[in-house]
Structure formats: structure tokens, C-alpha cells
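Below is one structure, written out as C-alpha cells; comments come after it.
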Amino acid sequence: MISMRKKSLFKTNRYLKNFKNYQDALITNVSSSTAIETGASVQAITETLAAARSRIFLRYPTEAKKELLISSENNCSIDL
């Protein structure tokens, strides 16, 4: 059996290494998909998501884990 070390996708995937580029690509992807589903303009959705960027994305993935642990310990919800 071959043993493989577990590495985070954020460390191994070249598209996720640059967090800013990852954010921009994800906002573009979600905006276009949402526009198709809702009929709203891609530009309006992109502007809404970009304005909420700091609430949508945390700086590092480990911060997301910490935030989830803290909120679950306190029985709180996370509002985006």
C-alpha cells in the first residue's frame, strides 16, 4: 500500500495558491451561474458579491475552521 501525505488543496492546487485570484475567479463563477438561474445581470451580482467580499471570504482557510469551532462551541450562527 502506498502512503500519501495529506496536503491541503490550498497548498497544492495552483489555482488556489493565490488567494486573491481564487476569490476573483469564484466571484465570477458564482455571478455567472446565479445570473443564469435568476435572470439578474452578471454585473449587478458581481458588484454585490465584491462589496461583501470581506464577509464571504476569510483570510486563510484555517481561520474558517477556528471561526466554525468558536461558533459551534457558543451555539452561534455565522451570518454572511
Side-chain angles (χ1 to χ4, degrees):
M1 178 189 236
I2 297 174
S3 176
M4 295 180 66
R5 295 179 69 194
K6 291 184 179 181
K7 290 186 180 179
S8 167
L9 277 176
F10 284 97
K11 292 181 181 178
T12 58
N13 186 310
R14 66 183 176 139
Y15 298 104
L16 300 178
K17 282 184 179 179
N18 183 321
F19 198 61
K20 172 79 167 89
N21 289 345
Y22 161 72
Q23 290 178 350
D24 292 342
L26 187 59
I27 286 175
T28 300
N29 185 305
V30 170
S31 297
S32 63
S33 296
T34 303
I36 291 168
E37 295 291 328
T38 64
S41 75
V42 174
Q43 183 177 0
I45 297 166
T46 301
E47 289 171 359
T48 301
L49 291 175
R53 180 186 297 259
S54 65
R55 292 178 289 157
I56 294 171
F57 296 103
L58 296 173
R59 193 165 165 183
Y60 298 103
T62 53
E63 288 182 17
K65 290 179 186 177
K66 289 177 190 174
E67 186 68 28
L68 288 173
L69 288 173
I70 292 168
S71 66
S72 64
E73 289 172 358
N74 297 327
N75 294 324
C76 299
S77 63
I78 300 173
D79 297 325
L80 295 177

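As a basis for the values below, the full set of heavy atoms in this structure was taken, side chains included, without hydrogen atoms, waters or symmetry mates. In this text, all values refer to a predicted model and were calculated from it rather than measured experimentally.
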What one should report as the nearest heavy-atom pair of Leu49 and Ser31 is CD1-OG, 3.6 Å
How long is the straight-line distance from OG1 of Thr48 back to CD of Gln43, given to the nearest 0.5 Å? 10.5 Å
Between Arg14 and Asn21, is the side-chain contact (heavy atoms from CB on, under 4.5 Å) condition met? List the steps. CA-CA 10 Å; Arg14 66 183 176 139; Asn21 289 345; over 6 Å; no
Smallest separation among heavy atoms of Val42 and Ser32, with atom names: CG2-CA, 4.2 Å
Interatomic distance, Leu26 atom CG to Arg53 atom CZ [nearest 0.5 angstrom]: 9.5 Å
Looking only at heavy atoms, what is the nearest atom pair of Ser41 and Ala35, with distance? C-CB, 4.3 Å
Would you compute the distance between atom CD1 of Ile27 and atom CD of Glu47 and round it to the nearest 0.5 angstrom? 11.5 Å
